[in-house]
Amino acid sequence: MDLLTQLARQMAAMDLGALGGPGGTLFIGQMPAAPVDAVALYARDLRTPGDDAGAVVQVLVRGDGGETAALTLAGRIAAALDGFCGYLCGDGFWADVRLLSGPADIGAGRTGHHEYAISFRVYYCE
């Protein structure tokens, strides 16, 4: 299982969203038009497990309750993942997650709802 999938499962276990599909709010590699409240994970500099540079993962958060709802969720995600050090849910890469930047307001997305970006460096190994 890849790093983004394991991070998404970890976020679901931390009650930061539900995995994609019917009723899902966590998506990998895309931010679908619906649901409005959604979180998407993207690989920005994905490295192989054990690479000393770590991988860079970006998380986009969109919310329906105006900018406050999206910002609140983005803050919860940043706080929950920053400093996480342990085995990820699923098949369990060991990961050390560090906040690089954000939450940063990136304005309204294509749906007209507010979005925030968070970037993490993830050091991980099998």
Side-chain angles (χ1 to χ4, degrees):
M1 184 180 317
D2 66 87
L3 177 62
L4 293 180
T5 301
Q6 287 190 36
L7 278 172
R9 286 182 177 200
Q10 185 67 40
M11 290 170 66
M14 295 171 135
D15 199 29
L16 298 170
L19 291 174
T25 58
L26 289 170
F27 301 91
I28 298 169
Q30 68 167 338
M31 177 71 85
V36 172
D37 295 317
V39 176
L41 287 80
Y42 297 91
R44 291 294 175 227
D45 186 10
L46 199 55
R47 305 288 182 114
T48 58
D51 188 296
D52 289 341
V56 176
V57 174
Q58 186 173 50
V59 178
L60 295 184
V61 180
R62 180 178 65 210
D64 189 23
E67 64 182 275
T68 304
L71 177 58
T72 299
L73 178 55
R76 285 184 54 223
I77 291 169
L81 292 180
D82 184 31
F84 175 87
C85 190
Y87 288 97
L88 296 170
C89 289
D91 293 333
F93 284 134
W94 177 89
D96 179 1
V97 183
R98 300 179 190 176
L99 182 68
L100 286 178
S101 65
D105 185 348
I106 58 172
R110 62 188 166 136
T111 64
H113 296 91
H114 241 77
E115 294 184 6
Y116 288 84
I118 313 159
S119 293
F120 298 95
R121 183 163 308 275
V122 182
Y123 300 93
Y124 70 110
C125 61
E126 296 180 89

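The chain is numbered in sequence order, starting from 1. Note that the structure is predicted; figures quoted are calculated from it, not measured.
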How close do [X] and [Y] get, heavy atom to heavy atom, and via which atoms?
| X | Y | answer |
| --- | --- | --- |
| Arg121 | Gly54 | NH1-O, 3.9 Å |
| Phe84 | Tyr87 | CZ-O, 3.6 Å |
| Ala74 | Ile118 | O-CD1, 3.4 Å |
| Thr25 | Asp37 | CG2-O, 3.5 Å |
| Leu71 | Pro103 | CD1-CB, 4.3 Å |
| Leu73 | Leu16 | CD1-O, 4.1 Å |

Give a yes or no answer on whether the side chain of [X] reaches the backbone of [Y] with a donor-acceptor pair at less than 3.5 Å.
| X | Y | result |
| --- | --- | --- |
| Arg47 | Ala55 | no |
| Asp96 | Tyr123 | no |
| Arg62 | Ala40 | no |

Co-membership, hydrophobic cluster, residues [X] and [Y], 4.5 Å side-chain:
| X | Y | answer |
| --- | --- | --- |
| Leu4 | Val56 | no |
| Tyr42 | Leu46 | no |
| Ile28 | Leu19 | yes |
| Val36 | Val59 | no |
| Val122 | Val39 | yes |

Inset, instruction - Using only heavy-atom distances, determine whether the side chains of Asp2 and Thr5 contain a donor-acceptor pair under 3.5 Å. - result: yes
Legend entry - Gap separating the OH atom of Tyr116 from the CD1 atom of Ile77, nearest 0.5 angstrom: 13.0 Å
Inset, instruction - Can you measure from CG (Leu99) to OG (Ser119) and round to the nearest 0.5 angstrom? - result: 8.0 Å
Side-chain contact test, heavy atoms from C-beta onward, threshold under 4.5 Å: evaluate it for [X] versus [Y] and give yes or no.
| X | Y | answer |
| --- | --- | --- |
| His114 | Asp105 | yes |
| Met14 | Leu81 | yes |
| Phe120 | Leu100 | no |
| Leu41 | Met11 | yes |
| Phe27 | Pro35 | yes |

